[in-house]
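Letters A, B, ... mirror the listed sequences (proteins, then strands); counts begin at 1.
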There are 2 protein chains.
Amino acid sequence: MVTIYDIAKKANVSPMTVSRVINNSGNISEKTRKKVEKVIREMNYIPNSAARSLISKETKILALLITDITNPFFTKVARGAEDKALEKGYRLILSNSDENLYKETDYFKTFISTPVDGIIFAPTGDESKKNIQLLNDHQIPFVLVDREIPGIQCDQVLGDNHSGSRQLLDYLYQKGHRKIALINGPATVSTARERQKAYMEFMREHSLVIHPEWILETNYKQGGAITAVETLLSLPNKDKPTAIFAANNFIAIDAINTLKKYNYDPPHDIDIVCFDDLESYSWFPPFLTVAVQPAYDFGYTATQLLIERIEKKSPTTERKVILTPKIVYRN
Amino acid sequence: MVTIYDIAKKANVSPMTVSRVINNSGNISEKTRKKVEKVIREMNYIPNSAARSLISKETKILALLITDITNPFFTKVARGAEDKALEKGYRLILSNSDENLYKETDYFKTFISTPVDGIIFAPTGDESKKNIQLLNDHQIPFVLVDREIPGIQCDQVLGDNHSGSRQLLDYLYQKGHRKIALINGPATVSTARERQKAYMEFMREHSLVIHPEWILETNYKQGGAITAVETLLSLPNKDKPTAIFAANNFIAIDAINTLKKYNYDPPHDIDIVCFDDLESYSWFPPFLTVAVQPAYDFGYTATQLLIERIEKKSPTTERKVILTPKIVYRN
DNA sequence: CTGAAAGCGCTAACAC
DNA sequence: GTGTTAGCGCTTTCAG
C-alpha cells in the first residue's frame, strides 16, 4: 500500500506537505505542488479513507432507506439520491424497510453501529417517531422523503398531495363521475392522510355524497388492495362507485387487475386515477390519468439537504421542500 | 465518544482486555468478561469501525452492481445479497450500471478509491473484461452473477439458460407451434448467447425452419424490443411466427404491448414465453408461461461465495454455481 | 511556505 | 489470564 510517507520520500518533502497537496489546504508553492502531484500519479496513490475517518469522524457514506424497493417510485428516488451523493463525494447505501417498522429499526441500528454520516428515509409511518429518537440520540443527521411525521421537525422533501389529489378528482368530476371511491394507503402514513383529506374536502365542496364504504384503507404494497376492490364491487349497484381514486400506483394496478378479473373493463365502466406513474404497466390498456411525482428530484433534493446539514452549510431552521406532481392526462 | 479506554478505566482493566472481550479473542476469565460487558452496556459503547479498518484493512462493505434496478429480477438479487451480507456482518452498497459499460467502469473506480471488501456484479457484457482488469490490479475479490464472461475464471452464480430455454421452447412445440421467433438480448451478454444457442439447437433437433428474420437482437431494457416486434409483424403472413421466445421479462412485456397495439390478442394469436417472472405485469391477461429464475438465491449465493473468498475460506479454485429456473406453466 | 510531533481508536505482538 | 508497547495512515497543532 502506498502511503503519504512513500510519496513524501520520493518527492523529497514531508508527509505533511503531501497531505496539504491532497487536501488543497494551506499554502503550497506551485513548484512543490506540481512535484508532489506528479509523484502521486506515478505511484498510483490512493488515500486511505479509514485513516481519514479516524480523525475526521466522517465516513462519507449516506444511507437511503426506502419502504418498497419494488416500487418504481422509490427506485427513482434512489437514482436521484445516488447521483447527488456521488456528485458530492459521498457513497450511498440503499436499503429497503419493506413498509415494516421493525426492519426500519434494525437498519437504523446498523447505521449506528457501522456509522453513516447521515440518513435519508421514507418512514414506514408515524410510529417511526421512535426510531427517530434513536437517530437523535446518536446525533445522526437525517432527512425525510415523501412522508412526514407529526411532531417531527426536520429537513424534508414531500409531494404536494393536496393539489395532486384535487386535480385527479377534478379530472374525474369533469368526466361526469359523482360516485368516487378512495382506496387509500395506511392512515399512519402522512401521504394517505393528506390524500384522504383532499378527497373529503373535494367531495364536500362539490356536494357529493361521501359514502363511508367508498373509503377503504389498505397498504401501498403490491397486491395489498385486491380485497378492497372486491369490497367495492360487492356493493349493491346503486351504491357502486363509478370511479376509483387509488392512492398510489400499486393500488391502481390492483384495481385494474381485480376489475378485469370480475369482467369489468376499466376505465370504461369504472374509471381509475392514481398517484405516481404506472411505468411499464401503462403499456397495457387502460391508460390511466395519473399524478406523476418528481421522484428523482425527491431523492436528489433530499440528499442535497442532507449533505448541507452534514457539512453545516444549512440554516439551523429546518427546511420543508414541497415538490409538485404533474398530472398526466391519458385515455 | 466512548472508547475502549473509557470503559477500561471504569472496569478497572486494560484497554486490551476490553478489546478481547469485544472480539471474543484470547482467554478471559468469566468474571472479568461479565464485568467488562456490563460496563460496555452501561456506557453504550460502540466500536469505531474506522479504527478497526485502519488496522485490519477491511471495510466490511460489499458492493453489488446490477445492470437494471428497475427489473424485478435484479431487485430480488439485491434482496438476497443484502440478507446474506447483513447475516455475515457486512454492509451492502447497491448500485446500478444501467447496462452501460462506462457507468460500470466509474463505479469500479469508486469502489477502488473508497474501498469495498469485494464486489458482486452482473457485467454489462463481454467488454466488462477490461473492468475486471481494474479489479484484479487492485486485488479486489469479486463474484459474477447472472452473466459470465468468456475467458474470465472466477466465482460465479449463473442460471441454467440452456435447460430453461429448451423447456420453454418445448412448451411452445407441444402446443403445436412450429414458427417460433426469438427476441434476444445483446449478443455481448452471455445469457443471450446461451438462450440463442439453445434455440438454434432446439429448432434443428425438431427439424424446424430457422428463418433468419425470426432471430432478433435487442437489449434487456424496458421498451428495447418494441421495434423488433414490429419487424416481426411486418413479415408477410406466411413467414410470420406464431410464437415468440422472449429472452427476458421486459422483452416479453414489450411484445405483449406491441402486439396489442397492432390489434393482436396474445397469447391466442401469437404466443409468448420468456425468462424471468412478469410479477405484477402478470395480473393482466395474458398470463404467460415463463422460466422463473431463483433471483433471490442468485444474490444470496453470490454473496456467500464472495464473503468466503474475502475471508479466505474458499478453495483456491473458482466455483461456478448453476441455479435452475423453474418453469411456471400458465394459461 | 514547510516540517516535526502527537494522537485519532484500535489491535498484534509480546511481556508478565 | 491480563497488561504494555507500538503502530496502522492520516491530520491537527505548533514551530520554524
**OP:** Enter the inter-axis angle for the ends of the helix from C:dC1-D:dG16 to C:dC16-D:dG1 (five pairs per end, rounded to 10°).
**Re:** 40°

Original post:
So, does A:N100 use its side chain to make a donor-acceptor pair with the main chain of A:S97 at under 3.5 Å?
Top reply: no

Original post:
Has the side chain of A:K57 got a donor or acceptor atom that lies under 3.5 Å from a matching backbone atom of A:L54?
Top reply: yes

Can you tell me how far [atom2] of [N] sits from [atom1] of [X], to the nearest Å?
X     : N      : atom1 : atom2 : answer
A:M16 : D:dT12 : CE    : P     : 7 Å
B:E58 : C:dC10 : CD    : C1'   : 14 Å
B:L54 : C:dC8  : CG    : P     : 13 Å

**OP:** Could you identify which residues of residues 30-52 of chain B place a heavy atom less than 4.0 Å from some atom of DNA chain D, listed by residue number, or say none?
**Re:** B:T32

**OP:** Choose from D:dC8, D:dT2, D:dC10 the nucleotide whose nearest atom is closest to any side-chain atom of B:I55.
**Re:** D:dC8

Subject >> B:K88/B:E311 ion pair, N-O < 4.0 Å >> reply: no

Original post:
Any ion pair linking B:K84 and B:E87 (charged N to carboxylate O, less than 4.0 Å)?
Top reply: yes

Original post:
Which residue, B:Y5 or A:P15, contacts DNA chain D at a nucleotide closer to its 5' end, judged by nearest heavy atom?
Top reply: B:Y5

Below the 4.0 Å mark, does [N] have OP1 or OP2 next to a side-chain nitrogen or oxygen of [X]?
X     : N      : answer
A:S14 : C:dG3  : yes
B:S56 : C:dC10 : no
A:T17 : C:dG3  : yes

Original post:
Which of residues 18-28 of chain B sit near DNA chain C, with a heavy atom under 4.0 Å from it?
Top reply: B:S19, B:N23

**OP:** Work out which heavy atom in A:I149 is nearest to a heavy atom in A:P123; give both atom names and the distance.
**Re:** CD1-CB, 3.6 Å

**OP:** Go through the side-chain N and O atoms of A:N131 and A:Y107 and say whether any donor and acceptor fall under 3.5 Å apart.
**Re:** no

